[in-house]
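To find a chain, count down the sequence lines: A is the first, B the second, and so on, and within it residues start at 1. It should be emphasised that the depicted structure is a prediction, and the values quoted were computed from it without experimental measurement.
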Amino acid sequence: MNYWLMKSEPDVFGIDHLKAMPKKTEHWDGVRNYQARNMMRDDMKKGDQVFFYHSNCDEPGIVGVMEVVREGYPDHTAFDPDAKYYDPKSDPDNPRWYMVDVKYKRHLKRNISLRELKERDDPKLADLPLLRKGNRLSIMPLTKKHWDLLLSLE
DNA sequence: GCCAACGTTGGC
DNA sequence: GCCAACGTTGGC
């Protein structure tokens, strides 16, 4: 089992949106970054646990837990000229972008904010990608140690 | 293959 | 809104 963290802007698609979906499940579309694409296409497996992270908001941080319920498949929104993340270089015969389906599991008892994690300044969290300067990856792998440590803070 | 220009992310 | 830190594009 693998552990991940995925970022989304709460104004666009937050954890409450996910919870409100039928079956509390939604496809994670719109990722247009190759590193993140590769992880969704190749590495994310059914049953993997994922932190839902709210970015670009008043208090960026980890807000909940979800689970991968469908493994990588082509992101069809890339084929749609009217879609926000349309990419003419991706077509159904040779899809460039992939997504996974995730299911809401629960909110954390409290939000674990980025600010708090930085202030904590825990050496065990030093190599957490999230805390590394300039890291803009919207999907990142977590070690079980990081996962457990973060969960223990809730 | 280099690198300047440009676009995006995301914290602040 | 600003801007640092990237990633991508495309001319050469």
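Grouped by direct or indirect side-chain proximity (heavy atoms under 4.5 Å, Ile/Leu/Val/Met/Phe/Trp/Tyr only), L149(A) sits with M1(A), Y3(A), L5(A), F51(A), Y53(A), I62(A), V65(A), L108(A), I112(A), L114(A), L117(A), L125(A), L128(A), L130(A), L131(A), M140(A), L142(A), W147(A), L150(A), L151(A), L153(A).
By the side-chain hydrogen bond (donor to acceptor under 3.5 Å, both in side chains) test, H54(A) pairs with no residue at all, sequence neighbours left out. By the side-chain hydrogen bond (donor to acceptor under 3.5 Å, both in side chains) test, N135(A) is found to be paired with no residue, residues two or more places apart in sequence or in another chain being considered. Evaluation of the salt bridge (charged side-chain N to carboxylate O under 4.0 Å, His left out) rule for K46(A) yields no partner, not counting sequence neighbours. With sequence neighbours excluded, the residues that form a side-chain hydrogen bond (donor to acceptor under 3.5 Å, both in side chains) with Y73(A) are D101(A).
Of the two residues near DNA chain C, K133(A) and Y34(A), the one whose nearest nucleotide lies more 5' is K133(A). For the pair R96(A) and N56(A), nearest-nucleotide mapping onto DNA chain C gives the more 5' position to N56(A).
Along DNA chain B, read 5' to 3', the first and last nucleotides having any atom under 4.0 Å from a heavy atom of chain A are dG7(B) to dC12(B).
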